Trainee: 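One structure is given below, represented as structure tokens, and several questions about it will come after.
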Amino acid sequence: MTKFPYIKQDFTASLVVFLVALPLCVGVAVASGVPAELGLVTGIVGGLVTGMLRGSSLQVSGPAAGLTVLVFEAVHEFGLPVLGVIVLVTGVLQIAMGVLKLGRYFRAISVSVVEGMLAGIGLVLIAGQLYPALAAKAPESGPGKIAGLPGAFADALGDGEALASLALGAGTVAVLVLWKYLPAKVRTVPGPLAAVGLATLAAFFLSLPVATVEVHGLLGSVQPPPLRAFGELAGFGVIGTVVAFTLIASAESLFSAAAVDRLHNGPRTQYNRELIAQGAGNALCGVLGALPMTAVIVRSAANVQAGARTKASRVLHGVWLLLFAALLPGVLGYIPIPALAGILVYSGAKLIPVRALAALWREHRGEALILVVTAVSIVAVSMFEGVLIGLALSIVKTAWEASHIRLEVIDKGAGPIDAHLSGNATFLRLPKILDSLEALPQDRPIRVDLSGLHHLDHACRTALESWAARHSDAGTEPVKVTAPVKVSAGSAVPTRVTAV
């Protein structure tokens with residue numbers, strides 16, 4: 001027992017995580033357009049492989065709702081065999097990034113971009129899963145899903161099967177929302193498991209005409225990608241999808257790790273090792289033709305709250321998933337599709353940071369705008385392009401804020417005019433600088449003090465020299481310039497500008 005001093009706590013926590021993970025693994029797989037068993041395969045690999053490796057001791061990995069939209073698009077466009085290739089290459093890239101110690105750089109990604117990404121995923125996920133809840137077929141595009149919802153609800157009003165399906169889905173969401181208000185003894189059963197269990201019992205005993213999960217068998221669902229599928233890597237679309245998988249899965253995992261670290265006092269996450277662990281898990285999932293994995297904050301938080309102390313809890317949760325998939329696969333066939341849709345609608349809603357957005361709008365409107373634009377772009381265009389738009393906006397905003405400059409003009413009415421520049425003189429603020437300097441009187445001597453500048457780029461230096469030459473040509477004294485004590489990029493300005 002001294003070798004495993006916390007085995008009791010870890011064993012109990014593993015059962016809780018297993019019960020949370022089971023319906024989520026199945027739900028994410030069905031929503032992604034792949035056999036339900038493949039979600040369990042990814043959960044098993046997340047526990048037995050990624051769970052064994054060093055990185056974040058209490059973080060739990062598996063198929064994530066955050067990648068559902070991207071996986072569905074990949075399967076629809078390229079096919080299930082190519083998905084395995086995409087996930088395999090994603091894992092290899094993650095391992096390479098971890099070995100090159102690039103994990104810490106993901107912490108530099110704007111939080112607004114990440115939250116916008118999750119919000120966009122949440123919106124598409126909600127819109128997409130309302131269709132299975134209505135026993136209807138979802139349109140392919142994000143805007144199409146949202147635009148088609150009023151018609152889908154209208155059609156359901158006159159359809160008994162659709163109404164039964166909607167009632168079951170709505171009941172599942174209601175259980176998830178209300179579960180936290182029930183007595184603590186009742187809440188020992190995880191909310192997602194309770195919601196799916198109650199929905200399954202209701203569908204069975206009431207003989208509701210709702211669709212249920214198709215069962216293919218574990219071995220029948222595992223299909224390693226054939227060699228010919230690797231030829232698809234020559235296509236731009238597949239490469240773009242690999243990049244999107246890599247960036248989003250890595251960012252979500254490492255941001256989840258940071259969140260989990262705040263929940264416990266144990267060892268901190270080693271980001272590069274965690275990236276390698278995620279990569280190893282994804283590489284194996286790719287070989288097995290399964291879903292991609294990320295660290296999942298819902299399971300990780302449940303793991304910590306259940307009292308887990310070491311990585312043994314997440315490894316054991318993988319064992320329980322494996323035993324369930326091997327011994328009780330037929331149970332999946334009783335789970336109603338609307339119940340899984342309800343779980344994912346609830347999960348999608350939790351991805352939308354409504355309260356955080358309101359606070360962000362009050363304090364940092366630029367960041368709030370990035371979040372909203374990223375989310376809307378993902379819904380309107382696609383996941384990859386939406387994230388790129390968000391990153392581009394974040395970079396532009398940072399560059400704009402970093403180029404703040406202040407010009408103070410002191411004119412005593414007679415004698416030279418003093419102009420003091422402070423801050424960062426970059427090309428982004430060059431029009432403002434030149435407008436202010438060119439507005440100074442042409443018939444007065446001018447002294448420009450640059451000692452308050454932290455940075456003076458080449459464009460600003462050249463523009464200042466040109467302005468000084470034009471002002472001196474007007475017949476006044478040459479412009480006198482006090483250079484900064486230290487200016488980056490080697491852009492020192494002469495202390496006296498005459499003919500330049």
Side-chain angles (χ1 to χ4, degrees), residues 104-105 107-113 116 360-374 377 387-500:
R104 65 184 183 275
Y105 291 108
R107 299 164 70 186
I109 296 176
S110 168
V111 175
S112 297
V113 174
L360 207 58
W361 181 256
R362 290 193 298 269
E363 300 173 9
H364 305 284
R365 293 196 173 182
E367 294 294 331
L369 183 63
I370 291 172
L371 191 158
V372 171
V373 171
T374 302
S377 299
V387 171
L388 289 181
I389 290 170
L391 288 173
L393 275 179
S394 180
I395 292 170
V396 169
K397 175 181 174 290
T398 302
W400 184 258
E401 290 180 344
S403 66
H404 277 311
I405 188 167
R406 183 174 178 226
L407 174 63
E408 182 181 5
V409 177
I410 301 175
D411 185 358
K412 298 180 179 179
I417 297 174
D418 292 310
H420 299 273
L421 282 166
S422 58
N424 297 290
T426 70
F427 70 93
L428 292 172
R429 298 301 173 100
L430 186 52
K432 175 183 177 181
I433 299 171
L434 289 179
D435 287 346
S436 300
L437 292 176
E438 289 172 353
L440 298 177
Q442 292 286 331
D443 57 351
R444 301 269 298 281
I446 295 176
R447 296 182 300 201
V448 179
D449 184 3
L450 304 181
S451 60
L453 289 180
H454 304 299
H455 174 75
L456 177 64
D457 68 10
H458 179 71
C460 282
R461 178 192 175 193
T462 303
L464 283 173
E465 290 174 346
S466 299
W467 165 79
R470 290 194 305 273
H471 189 89
S472 300
D473 287 342
T476 61
E477 293 183 19
V479 175
K480 296 180 181 179
V481 179
T482 302
V485 176
K486 183 179 181 181
V487 178
S488 61
S491 50
V493 176
T495 56
R496 180 179 177 84
V497 178
T498 52
V500 291

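Atoms considered below: every heavy atom in the structure, side chains included; atoms not considered: hydrogens, waters and symmetry mates. Bear in mind that the values here come from a model prediction, so they are computed numbers and not experimental data.
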Trainee: So, for Ile433 and Ala425, which heavy atoms are closest and what is the spacing to 0.1 Å?
Mentor: CD1-CB, 4.2 Å
Trainee: Supply the atom-to-atom distance Cys460 SG to Asn424 CG, rounded to the nearest 0.5 angstrom.
Mentor: 10.0 Å
Trainee: What's the separation between atom CD in Glu367 and atom NZ in Lys397, rounded to the nearest 0.5 Å?
Mentor: 4.0 Å
Trainee: What verdict does the side-chain contact (heavy atoms from CB on, under 4.5 Å) test give for Leu464 and Leu437, after you've listed the backbone C-alpha separation in whole Å, the side-chain angles of each residue and the deciding distance to 0.1 Å?
Mentor: CA-CA 9 Å; Leu464 283 173; Leu437 292 176; 3.4 Å; yes
Trainee: Does the pair Asp411 and Arg444 meet the rule for a side-chain contact (heavy atoms from CB on, under 4.5 Å), with working shown?
Mentor: CA-CA 10 Å; Asp411 185 358; Arg444 301 269 298 281; 2.7 Å; yes
Trainee: Does a side-chain heavy-atom distance below 4.5 Å link Val113 with Ile370?
Mentor: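 Val113 reaches Ile370 side chain to side chain.
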Trainee: Rounded to the nearest 0.5 Å, what separation is found between the CD1 atom of Ile446 and the CH2 atom of Trp467?
Mentor: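 If I round to the nearest 0.5 Å, the distance is 4.0 Å.
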Trainee: Between Arg461 and Asp457 (side chain of the first, backbone of the second, donor and acceptor by atom type, cut-off under 3.5 Å), is there such a pair?
Mentor: no
Trainee: If you take all heavy atoms of Leu407 and Ala419, which pair is closest and at what distance?
Mentor: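 For Leu407 and Ala419, the tightest heavy-atom pair comes out as CD1-CB, 4.1 Å.
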Trainee: Do the side chain of Ser394 and the main chain of Gly390 share a donor and acceptor less than 3.5 angstrom apart?
Mentor: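 Between the backbone of Gly390 and the side chain of Ser394 there is no qualifying donor-acceptor contact (under 3.5 Å).
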Trainee: What distance do His364 atom NE2 and Leu369 atom CG have between them, rounded to the nearest 0.5 Å?
Mentor: 14.5 Å
Trainee: Looking at Lys480, Glu408, Arg447, which one forms a side-chain contact (heavy atoms from CB on, under 4.5 Å) with Asp418?
Mentor: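 Answer to the side-chain contact (heavy atoms from CB on, under 4.5 Å) test with Asp418 among Lys480, Glu408, Arg447: Arg447.
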Trainee: What I'd like to find out is whether the side chain of Val448 reaches to under 4.5 Å of the side chain of Val479, using heavy atoms alone.
Mentor: yes
Trainee: Does the pair Thr374 and Leu393 meet the rule for a side-chain contact (heavy atoms from CB on, under 4.5 Å), with working shown?
Mentor: CA-CA 9 Å; Thr374 302; Leu393 275 179; 5.7 Å; no
Trainee: Please report the shortest heavy-atom distance between Leu430 and Ala459, naming the atom on each side.
Mentor: CD2-O, 4.1 Å
Trainee: Of all the heavy-atom pairs spanning Pro441 and Ile417, show the shortest one and how long it is.
Mentor: CD-CD1, 3.4 Å
